[in-house]
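Just so it is clear: chains get the letters A, B, ... in the order the sequence lines come, proteins before strands, and each one is counted from 1. Being a predicted model, the structure only gives us computed values, none of them experimental.
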Protein chains: 2
Amino acid sequence: MAKGSQEKKRCARIAAIFKTLSHPQRLFLLCCLCEGEAAVSDLQKVCGAPQPVISQHLSRMRREGLVKARRTGTSVRYRIADPRIPAIVRSMEKIFGP
Amino acid sequence: MAKGSQEKKRCARIAAIFKTLSHPQRLFLLCCLCEGEAAVSDLQKVCGAPQPVISQHLSRMRREGLVKARRTGTSVRYRIADPRIPAIVRSMEKIFGP
DNA sequence: GCGATACATTAAAATATGCTAATATTATAT
DNA sequence: ATATAATATTAGCATATTTTAATGTATCGC
């Protein structure tokens with residue numbers, strides 16, 4: 001395998017995660033989940049977007065391993081998949097914040 | 001101003017940065033610059049993409065405040081704009097790495 | 001079972017992004 | 001001043017992403 005190829009693969013992998021984080025609403029949803037577990041309907045209220053859009057965003061974040069889900073009766077509650085995720089968002093805010 | 005609106009703006013801002021980081025080649029370029037300043041021609045060699053593509057990527061990262069540039073004769077050398085950036089990429093690798 | 005609630009999925013239209021090719025700029029050397 | 005090397009910019013096309021709208025699935029209470 002060519003030199004640097006390994007590094008490029010790592011970048012492609014991380015870039016895919018960054019892409020998932022690169023949508024304003026999606027990132028906002030993630031930030032909401034940083035405060036604690038929440039149902040789709042809760043997120044819909046604070047986010048203000050149509051329900052299918054929220055579901056699509058959450059679905060994508062789940063595929064990418066950013067969040068996890070569990071059913072509670074008829075509702076589904078989402079949560080952050082890794083406790084180190086909030087720190088990354090906060091670091092970004094410190095560096096690139098207003 | 002409505003509640004949560006401030007938070008949404010922050011997310012939009014950070015999401016824009018994430019979007020810039022969300023391209024494999026761009027992220028690879030940034031990682032190269034994490035090792036130290038480099039000229040466009042150097043980056044072209046390790047990256048293997050056409051020169052205009054590299055320039056476009058660098059130009060965008062510059063606009064977003066991720067990198068800085070300075071001329072040295074006929075060549076332009078790029079560098080990371082903030083020393084805290086490499087840590088973010090490394091954190092991401094730790095969490096989402098192979 | 002039936003209706004209602006909460007969520008998920010899909011397809012198609014609208015929009016944004018990235019690549020290519022051509023051209024422009026900037027600085028050095030002769 | 002002209003030529004050359006290094007980098008930047010632009011426009012147009014191809015592709016990917018987002019949104020919208022409609023439909024599907026699952027769970028609970030009756």
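- For residues 15-47 of chain A, proximity to DNA chain D is found at A/Lys19, A/His23, A/Arg26, defined as any non-hydrogen atom under 4.0 angstrom from a strand atom.
- In terms of heavy atoms, B/Pro50 sits closest to B/Gln44 at C-NE2, 4.5 Å.
- Using bins of under 30°, 30° to 60° and over 60° for the plane-to-plane angle, the ring pair B/His57/B/His23 lands in the tilted bin.
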Quiz item: For B/Lys19 and B/Glu64, what are the C-alpha separation, side-chain angles and deciding distance, and is it a salt bridge (charged side-chain N to carboxylate O under 4.0 Å, His left out)?
Solution: CA-CA 10 Å; B/Lys19 184 168 286 183; B/Glu64 295 289 342; over 6 Å; no

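- Across residues 53-62 of chain B, B/Ser55, B/Gln56, B/Ser59 each have a non-hydrogen atom less than 4.0 Å from an atom of DNA chain D (numbered order).
- The cluster map of Ile, Leu, Val, Met, Phe, Trp and Tyr, joined by side-chain heavy atoms under 4.5 Å apart, puts B/Leu58 and B/Phe28 in different clusters.
- Residue B/Arg77 holds its CZ atom at 4.5 Å from CD of B/Glu37, rounded to the nearest 0.5 Å.
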Where do N or O atoms of nucleotides 22-30 of chain C meet protein N or O atoms at under 3.5 Å, pair by pair?
none

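- A/Leu27 CG to A/Met61 CE: the interatomic distance, rounded to the nearest 0.5 Å, is 8.5 Å.
- Note on A/Tyr78: every side-chain N or O is 4.0 Å or more away from OP1 and OP2 of C/dA6.
- For the salt bridge (Lys or Arg N to Asp or Glu O under 4.0 Å) with B/Glu93, the lone residue among A/Arg84, A/Lys9, A/Arg10 that qualifies is A/Arg10.
- Under a hydrophobic clustering in which Ile, Leu, Val, Met, Phe, Trp and Tyr are joined whenever their side-chain heavy atoms come within less than 4.5 Å, directly or via other members, A/Val46 and A/Val53 fall into different clusters.
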Quiz item: Please walk me through it: do A/Arg70 and A/Tyr78 pass side chain to side chain contact (heavy atoms under 4.5 Å, CB included)?
Solution: CA-CA 7 Å; A/Arg70 70 182 174 102; A/Tyr78 283 83; over 6 Å; no

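- Of the candidates B/Ile85, B/Leu66, B/Ile88, B/Ile17 forms a side-chain contact (heavy atoms from CB on, under 4.5 Å) with just one, namely B/Leu66.
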